[in-house]
Peer 1: 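I'd like to ask you about the structure that follows.
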Amino acid sequence: MLKLERVSKYYFSGNNVVQALRRINLEFKTGEFVAITGESGSGKSTLLNILSGLETYEDGKMYFNGKDLSHYTIEELEHYRKNYIGYVFQEFNLINSYTVYQNIDLALSLQGLSKEDRHKKVLNLIDQVGLNHATNQKASNLSGGEKQRTVIARTLAKDYQVLVCDEPTGNLNEEASIEIFKIFKEISKKKLVIVVTHDVSQILNYATRKIHIYDGEIMEDSYLAAHKDIPDNEFVVTKTKATLLNQMAIGFRNVLAVPKKSILALFAILFLLSMMFSVYSAGIIEQNKPIETSNPYFSNIDSSRIILIKDDHTQFTDSELTEIGSIENVQGIFNNDVVFDSTFLTKKFSAAEGKYLFYYFKPLPALSLIESEIIEGSLPVTDSEVIVGNNGLYEIGDTIDLANSYGLVATQALNTDQFTFTVVGIANEPVELEDDLHHLYFSNLGLARLAPSSIYENSEISINIYGTEKFDIPTDSWITPEEDSSVDIGSRTYQIPYPTWIQIDNSLEDGEVLSVNLMYFEMCRNFSYKIEIRDDMEAGLCDATAFIESHDITYRAITVYENDKLFQPITLISQIQTDSDRSNKLYMNEKTFNDFFGEENYQITVIVKDSFDGNKVVTELKELGYNVFYPSQLLSHEEALEIVSHNLLVSLIVAAIIFVIILVGYFILKYITVSKIRDYLILRSIGSSKSNMKNILRFELLYLSIISIILMIGIAFMIDIYLIDIPDFLKYFKWHNYLLLFALVVIVLEFIVNRLAKNIYQVNVITALKGVQR
Ligand code: ADP
Ligand code: MG
């Protein structure tokens, strides 16, 4: 069955050549129990390794079942060994953390047998080697003889044609050795058994043939018993592979078998995952957090506020409002949204100072308050209830009289009750206030009560002029520049109190606004130039018309007009008229007037539950086709650029930190897995393919990762409840964020798997095992 013809083997090391085998001619048959004896260094192991396909040879031929193996590649030889040769490795080749049963079961599992099939077979094999008493003992607790018997049983788990064994009794006492030889004797009744030993005395009582080697040559080849021919053809190569289920089970057992290492690996993965997750989340939060900004259009830039209008400037219908209200994270909708851009004063009598003091407030919807922000009292419900910020100015139960921004107290305005409210709660106010405005939180009804018309009547309108261009002052101007003949106009706002300065003039076109002498005065007053008042206020002295025509002028009122889609341009015409009756006023036709100041609500404010949701809601509203304006996110080019570079920087920092975390995690995990390399080598030695071994390791890491994720969520949950409020940053996560994190983790783990597989499969089994043993 197995035949060698003039086989020679040389070892080359440096300049030395050792001839380990010299022209060996041997033939083995099924049913033989061959004892190969010889001194140390005589070539016994070399011969055995060649027979089992672990080593190649330089000269001669080897036949197996009549097939010439001489030209086989290393892979082909490995394949040959896996299928036909049962190599009984030294006793140290057991997984110490496994029981006898589990060690044998492993070999069957790798062949893809089901649990039930394996169970019977394992018990059978244990019985065959006489280890019934030790079935559930850990391999590390076995005696040398028991270990060797376990190894033999495990080797027998696969139906090999040839069983080879190098020094099986090297570390055993006589009694144990005899047990082993008895087992071989039994096995050799159906197979070819070749045993290498330097200990001759015992084996010869059991072997059927003795081959003595000396210095690579056969000195003796004698039969100790008559040979009985046994037909070879009963043997069938079992080509089964470990099923995925078996791989999963082996991985699971590996995790449980070494609890300390598994817990260590668990912490390493937990570290890797949680650090990566938190750093990544921190980066995303940093990139998404609302930007502190201001704009010349809306004074209320609370990040919970989003402003909407329709393209055609019509009112929102009920069904549209319902649709908007049903968007996730929308807390409420406000028709009279101009309220939010108004500033109010409160009048409070100070006994200490003996006079009334005024404080500035901006109105906010109570809906934008988060429960945790309410320190005392409750949310306002009726239209006359209000929550104040915790600025110490008011207490629950106090009455607040609102005044307009000129300081005219409500009672002096049109309606006595309209601006009187009762404090029902105190809320946490930001430490730093935007525009130094304290907060007042109203119920929806309360906000509705601050009707636009009342506000307009107590409010002011401003005109913004932008530009950095120089404005040439006419030489004949009565303005005398201090140094230059030109003025840098910068960006300015002109306040025009309503309604005194706004008049209807239906001779004007829609969208036309005429200012009479207004720009002239305002502009001149705002520049710090010497002003000479002349007797004759005639046109041409300060050519405001030319100035206005050459500059962008935008108008801020109830609705904002700008080039942006949300806004429509208006035409501002400036005239200088000597007719003093029309001086200092803005004129527009009735339609334009109603566009700005009418009671129709074609502009609404949507309040989001959490400012984190702002951008998300904006996107959804845009998808619905509305003109959306998010005041807290309105950016100039510079600001936008700043944010882009800020985000880029954040991305880079996050990437760098994650890279370091990955490196640390990778090295810890690699260290842990490499410490288990022996167990994986054993997997290989008992026939596990590389892909098989990789899958087993993958499953191990997968189990640990799943536990880590559960732990991580649990820990985060506990921290959130008992330590600090973790912001709901997952809102920022889109599927691709999860995918990226997942991919990163998979890459790290895959690196480890491949690294280990490479370590294990780069050299042959014997070398690798011996390397680990050392
Ligand atoms: P035995 O098993 O009988 O003790 P070996 O087959 O291991 O002997 O070795 C036979 C000869 O080949 C020895 O001289 C040994 O030094 C040499 N040898 C074995 N393996 C190697 C190797 N990998 N490289 C170089 N020389 C080797
Ligand atoms: Mg040897």
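Just so you know, residue 1 is the first one in the sequence shown, and it goes up from there. In listed order, ligands and their atoms are each counted from 1. Note that this is a predicted model, so its numbers are computed, not measured.
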Peer 1: State whether S45 contributes an N/O/S atom found under 2.8 Å from the Mg ion (ligand 2).
Peer 2: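 Of the N, O and S atoms in S45, at least one lies under 2.8 Å from the Mg ion (ligand 2), which means yes.
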Peer 1: Among all protein non-hydrogen atoms, which one is nearest to atom 2 (O) of ligand 1, and what is the separation to 0.1 Å?
Peer 2: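 Ranking protein heavy atoms by distance from atom 2 (O) of ligand 1, first comes S45 OG, 2.7 Å.
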Peer 1: Considering only protein heavy atoms, determine whether one is less than 4.0 Å from atom 16 (O) of ligand 1.
Peer 2: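 When distances to the protein are checked, atom 16 (O) of ligand 1 has no heavy atom within 4.0 Å.
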Peer 1: Any side-chain donor paired with an acceptor under 3.5 Å for Y84 and H79?
Peer 2: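 Result is no, nothing qualifies.
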Peer 1: Counting from 1, what ligand 1 atoms have a heavy atom of E39 closer than 4.0 Å?
Peer 2: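 Near E39, meaning under 4.0 Å from one of its heavy atoms, ligand 1 has 3 (O).
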Peer 1: Could you state the interatomic distance from CG (L48) to CD1 (I85), rounded to the nearest 0.5 Å?
Peer 2: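 The CD1 atom of I85 is 9.0 Å from CG of L48, to the nearest 0.5 Å.
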Peer 1: When you measure from atom 24 (N) of ligand 1 to every protein heavy atom, which one gives the shortest distance, and what is it?
Peer 2: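 I find the closest protein heavy atom is Y11 CD2, 3.5 Å.
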Peer 1: Distance to the ring centre below 6.0 angstrom and angle to the axis at most 45 degrees; does that hold for K185 and Y206?
Peer 2: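 No - K185 does not lie over the ring of Y206 by the 6.0 Å and 45° rule.
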Peer 1: Cation-pi check, K9 to Y11: give yes when NZ or CZ is under 6.0 Å from the six-membered ring centre and within 45° of the ring axis, no otherwise.
Peer 2: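 Verdict for Y11: a cation-pi partner in K9.
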Peer 1: Got an N/O contact under 3.5 Å between G41 and ligand 1?
Peer 2: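 The answer is yes, given that G41 and ligand 1 share an N or O pair closer than 3.5 Å.
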Peer 1: Closer than 4.0 Å and a protein heavy atom, does any atom meet both conditions relative to atom 22 (C) of ligand 1?
Peer 2: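 There is a protein heavy atom less than 4.0 Å from atom 22 (C) of ligand 1.
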Peer 1: What do we get for S13 next to ligand 1 when only non-hydrogen atoms under 4.0 Å count, side chain, backbone, both or neither?
Peer 2: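 It is neither; nothing of S13 touches ligand 1.
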Peer 1: Can an N or O of G43 be found at a distance shorter than 3.5 Å from an N or O of ligand 1?
Peer 2: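 So ligand 1 has an N or O lying under 3.5 Å from an N or O of G43.
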Peer 1: Got a second to check how far L756's CG is from L669's CG, nearest 0.5 Å?
Peer 2: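 CG of L669 is found 11.5 Å from CG of L756.
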Peer 1: Which of the numbered atoms in ligand 1 are below 4.0 angstrom from a heavy atom of T46?
Peer 2: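 In order of numbering, the contacting atoms are 5 (P), 6 (O), 9 (O), 10 (C).
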Peer 1: Think R253 forms a cation-pi with Y98, using NZ or CZ under 6.0 Å from the six-ring centre and within 45 degrees of its axis?
Peer 2: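 Positive - R253 is close enough to the ring of Y98 and near enough to its axis.
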Peer 1: Tell me whether ligand 1 is touched by S40 - counting only heavy atoms on the residue side and a distance under 4.0 Å.
Peer 2: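 Contact present.
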Peer 1: Around atom CZ of F277, are there more than 12 heavy atoms from other residues, nucleotides or ligands closer than 6.0 Å?
Peer 2: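 Yes, CZ of F277 has more than 12 neighbouring heavy atoms, counting only those of other groups under 6.0 Å.
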Peer 1: Is it the case that the side chains of S177 and E174 hold a donor-acceptor pair, with the cut-off being a distance below 3.5 Å and no angle test?
Peer 2: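 E174 vs S177: no donor-acceptor pair found between side chains.
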